Amino acid sequence: QVQLVESGGGLVQAGGSLRLSCAASGRTFSDFMRGWFRQAPGKEREFVAAIKWIGGSTYYSDSVKGRFTISRDNAKNTLYLQMNSLKPEDTAVYYCAASRGLGLVTTASQYNNWGQGTQVTVSS
């Protein structure tokens, strides 16, 4: 019914930038919240950023605030994550997700649709 596909990951040096994209297809009109999570090997999936599809209110984790920017293109049904000043600790698989709810935006279990993830590796 809904498919999310991430792209834009890669290998960059510390201090560099990457822009991740998440294209959505299918019936996504009920997915009011879209977000980005990341997961490093051996660690739990953690919240990165989220945005309300209608209105555009944004939310960020403390670790990325000021460096990452989440945005969306409603016409293209695409979610973006601009990542600047990347650090080695940002290395992880990044997942985009969608939620039918508007609360608990930092909690992974609140998101019902997930992409397959894209690898981001930041070298020191």
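It should be emphasised that the depicted structure is a prediction, and the values quoted were computed from it without experimental measurement.
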Indicate if [X] and [Y] have the same hydrophobic cluster label, given that clusters are the connected sets of ILVMFWY residues with side-chain heavy-atom separations under 4.5 angstrom.
X: Y60; Y: W53; result: yes
X: W36; Y: F47; result: no
X: I51; Y: F32; result: no
X: L102; Y: V105; result: yes
X: Y80; Y: V48; result: no

So, taking the atom named CG in N84 and the one named CZ in R19, what distance separates them when rounded to the nearest 0.5 Å? 11.0 Å

From Q116 CD over to Q3 CD, what is the distance, rounded to the nearest 0.5 angstrom? 8.5 Å

Side chains of [X] and [Y], heavy atoms from C-beta outward: is any pair under 4.5 Å?
X: I70; Y: L79; answer: yes
X: L81; Y: T69; answer: no
X: V12; Y: T121; answer: no
X: S17; Y: M83; answer: no
X: R38; Y: S63; answer: yes
X: T118; Y: V93; answer: no
X: R67; Y: D90; answer: yes

Check the pair K65 / Y59 against side chain to side chain contact (heavy atoms under 4.5 Å, CB included), numbers first and verdict last. CA-CA 9 Å; K65 194 169 186 178; Y59 310 84; over 6 Å; no

For N77 and R34, which I'm curious about, is there any donor-acceptor pair between the side chains at under 3.5 Å? yes

Do T78 and D73 get their side chains close enough for a donor-acceptor pair, meaning under 3.5 Å? no

Are more than 12 heavy atoms, taken from residues, nucleotides or ligands other than E89, located less than 6.0 Å from that residue's CD atom? yes

Holding to side-chain contact (heavy atoms from CB on, under 4.5 Å), I want the full list of residues that pass it with V2, two or more places apart in sequence or in another chain. L4, T28, D31, N113

Looking only at heavy atoms, which two atoms of [X] and [Y] are closest? And how far apart?
X: G9; Y: L20; value: N-CD2, 3.6 Å
X: W114; Y: Y111; value: NE1-O, 3.1 Å
X: Y95; Y: G115; value: CD2-O, 3.6 Å
X: P88; Y: S124; value: CG-CB, 3.9 Å

Tell me every residue that passes ring-ring contact (aromatic ring centres under 6.0 Å, His included) with Y94, counting only those two or more places apart in sequence or in another chain. none

Heavy-atom donor-acceptor pair, T107 side chain to S109 backbone, under 3.5 Å: no

Between E6 (side chain only) and G117 (backbone N and O only), is there a donor and an acceptor less than 3.5 Å apart? yes

E46 vs S61, side chain to side chain contact (heavy atoms under 4.5 Å, CB included): CA-CA, chis, key distance, verdict: CA-CA 9 Å; E46 67 172 338; S61 68; over 6 Å; no

Which residue pairs pass the disulfide bond (SG atoms under 2.5 Å apart) test when at least one of the two sits in residues 79-124, sequence neighbours left out? C22-C96

